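A, B, ... follow the sequence lines: proteins, then strands. Residue 1 opens every chain. Fair warning: this is a prediction, and the values are worked out from it, not measured in the lab.
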Number of protein chains: 2
Amino acid sequence: MKKLTKRQEEILNLIKAHIINLGFPPTRADIARSLGFKSPNAAEQHLRAIEKKGFIKILSGASRGIVLNDNENDQIPVIGLVAAGGPILAEENVEKTIPRSNNLLSSDIDYYLRVKGDSMVDIGIFEEDLIGVSKSADTKVGSVVVARINNEVTVKTLIEMSQNKVVLRPENQKYDDIIVNPQVEELAIEGSCVALLRETI
Amino acid sequence: MKKLTKRQEEILNLIKAHIINLGFPPTRADIARSLGFKSPNAAEQHLRAIEKKGFIKILSGASRGIVLNDNENDQIPVIGLVAAGGPILAEENVEKTIPRSNNLLSSDIDYYLRVKGDSMVDIGIFEEDLIGVSKSADTKVGSVVVARINNEVTVKTLIEMSQNKVVLRPENQKYDDIIVNPQVEELAIEGSCVALLRETI
DNA sequence: ATAATTACTGTAATTATATACAGTATATTG
DNA sequence: CAATATACTGTATATAATTACAGTAATTAT
């Protein structure tokens with residue numbers, strides 16, 4: 001999908017804000033008034049351009065007939081099994097998506113990851129649970145993190161992190177700590193867990 | 001708030017459906033067409049009646065200027081500590097509410113209950129977690145239920161349920177099974193847990 | 001018993017809105 | 001270098017939409 005210009009983005013945001021605030025889209029005149037245009041036709045032409053780029057649909061003849069097209073940015077992907085090698089958010093890993101507006105958790109969640117295995121049961125993270133992962137939340141010692149070790153994705157508690165030693169702890173006595181030297185093995189902290197979701201318990 | 005008549009409710013539902021389907025409210029003519037009125041004024045007068053009863057606000061002069069007023073039915077209450085004696089959903093127990101539309105869990109959740117204590121940690125239910133409770137979901141042996149025993153509310157696994165013996169199991173070796181004779185003690189199964197929510201783990 | 005509410009038809013006027021047409025000027029792309 | 005896109009002004013008009021007014025008839029409150 002073609003990118004919007006700065007001005008077009010401004011107009012799209014105005015439409016979204018209008019819908020959130022009042023419950024329905026603005027008219028051409030509303031848009032013109034908000035942005036200081038002296039002609040409603042300026043708004044009309046912007047709308048046509050935004051429609052052409054695929055962000056909205058204009059229903060002809062209907063007043064306020066501006067329909068927002070589904071935008072991938074408004075969807076939080078739910079990641080199932082992560083294929084070895086590729087990036088977590090690769091399309092083939094996406095099990096489904098959840099509209100961001102339907103997110104009752106306050107935190108900033110980039111994706112949900114479906115938990116495999118029993119390595120975190122001691123802190124109440126069970127197989128098939130969904131973990132809300134934030135890429136930006138700061139990962140400090142004690143955080144539950146999503147890590148990638150030699151292209152394998154795993155969820156563990158971060159215990160120690162220094163230049164040549166990273167310790168990741170499974171929260172299950174059955175398993176031992178994972179000790180990695182990031183200068184020898186490939187290691188990346190993909191994000192940290194900020195939420196947990198479980199259905200039909 | 002005064003109750004709507006059957007016809008008024010029909011119209012309110014039509015408005016809501018229109019907003020969900022198209023993203024903006026219907027016009028008087030849209031409503032008339034949908035319900036078979038021969039005059040848009042029929043819709044107009046219904047809208048005025050619905051507004052008078054407090055369910056919508058009509059913005060004068062604006063096309064499609066129908067604003068839905070917040071409705072408590074669209075909010076899921078989050079229950080904190082349950083005061084001994086009173087009903088779970090009593091107002092003083094409601095910590096906050098979450099709009100039902102922001103519910104990414106498919107199940108039918110009547111309220112969220114904040115977990116107190118560690119009696120369910122073995123199945124990953126921790127203190128401060130939020131449990132999604134359904135009053136209508138069938139409670140069978142093996143379900144995690146919200147039970148009220150002698151006016152005390154508790155979350156446990158239902159192990160046995162017969163006429164004169166109900167067994168509720170805390171999922172923590174530290175605690176023993178609770179065995180209740182419902183013909184002697186007061187017992188009510190308030191609902192069963194269909195979801196779990198945890199923030200900032 | 002009377003007033004108010006509910007539930008409409010039918011008409012019409014005013015205003016709100018979409019949208020076409022004619023321009024101007026600058027920036028970007030093929 | 002021409003064509004296309006961006007970003008508007010300015011005017012005009014058909015039509016979409018609100019909304020007032022005048023009725024009818026049945027039901028429900030006071």
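Atom NZ in K53(A) sits about 10 Å away from atom P in dA5(D), given to the nearest Å. Straight-line distance from the CD1 atom of I31(A) to the P atom of dA16(C): 17 Å, rounded to whole Å. At whole-Å resolution of the value, CZ in R28(B) and P in dA16(C) are 13 Å apart. If you measure from atom NZ of K38(B) to atom P of dT9(C), you get 7 Å, rounded to the nearest angstrom. Rounded to whole angstrom, the span from the NE2 atom of H46(B) across to the P atom of dT6(C) amounts to 10 Å. Nucleotide dA7(D) holds its C1' atom 9 Å from the CD1 atom of I11(A), rounded to whole Å. Per the geometry, CZ belonging to R7(A) stands 4 Å off P belonging to dC8(D), to the nearest Å. Rounded to an integer number of Å, the gap from CZ of F24(B) to P of dT17(C) is 13 Å.
Across the interface with DNA chain C, nearest-nucleotide mapping of Q45(A) and L59(A) shows L59(A) to be the residue nearer the 5′ end. When each of P40(B) and Q8(A) is assigned the nucleotide of DNA chain D bearing its nearest heavy atom, the one mapping closer to the 5' terminus is Q8(A).
Minimum atom distance to the side chain of F37(A) is reached by dT9(D), of the listed dT19(D), dT9(D), dT17(C). Listed candidates were dT19(C), dT9(D), dT6(C). Nearest to the side chain of A49(B) is dT6(C).
Considering only heavy atoms from C-beta on, I76(A) stays 4.5 Å or farther from V78(A) through its side chain.
Pairing analysis of DNA chain D (Watson-Crick: purine N1 to pyrimidine N3 plus N6-O4 or O6-N4; G-U wobble: N1-O2 and O6-N3; both under 3.5 Å) yields stems of 3 or more pairs at C:1-30 with D:1-30.
Looking at R114(A) and E127(A), no side-chain N of the basic residue comes within less than 4.0 Å of a carboxylate O on the acidic one, giving no salt bridge. Ion pairing between a basic and an acidic side chain is recognised when a charged N comes within 4.0 Å of a carboxylate O; K6(A) and E9(A) show no such pairing. With salt bridges taken as basic N to acidic carboxylate O contacts below 4.0 Å, one links R48(A) and E51(A).
At the heavy-atom level, S39(A) lies under 4.0 Å from base atoms of the strands shown. Backbone-only engagement by T27(B) is indicated by non-hydrogen atom pairs under 4.0 Å involving sugar-phosphate atoms exclusively. As judged by a 4.0 angstrom heavy-atom cut-off over every strand, K6(B) is placed among residues making no nucleic acid contact. Contact annotation for A42(A): base contact, defined as any heavy-atom pair under 4.0 Å involving a base atom. Nucleic acid contact class of K2(A) (heavy atoms, under 4.0 Å, all strands): none.
Here R64(B) does not reach the OP1 or OP2 of dT18(D): none of its side-chain N or O atoms lies under 4.0 Å away. The side chain of T5(A) contributes no N or O atom lying less than 4.0 Å from OP1 or OP2 of dA5(D).
Within 3.5 Å, no donor on the side chain of N41(B) pairs with an acceptor on the base of dT19(D), nor the reverse.
Formation of a donor-acceptor pair under 3.5 Å by the N93(A) side chain with backbone atoms of I88(A) is found in this model. No donor-acceptor pair under 3.5 Å is formed between the side chain of D129(B) and the backbone N or O of V115(B). At distances below 3.5 Å, at least one donor-acceptor pair connects side-chain atoms of S39(A) with backbone N or O atoms of N41(A).
Applying the 6.0 Å contact sphere to CG of D70(B) captures no more than 12 heavy atoms from other residues, nucleotides or ligands.
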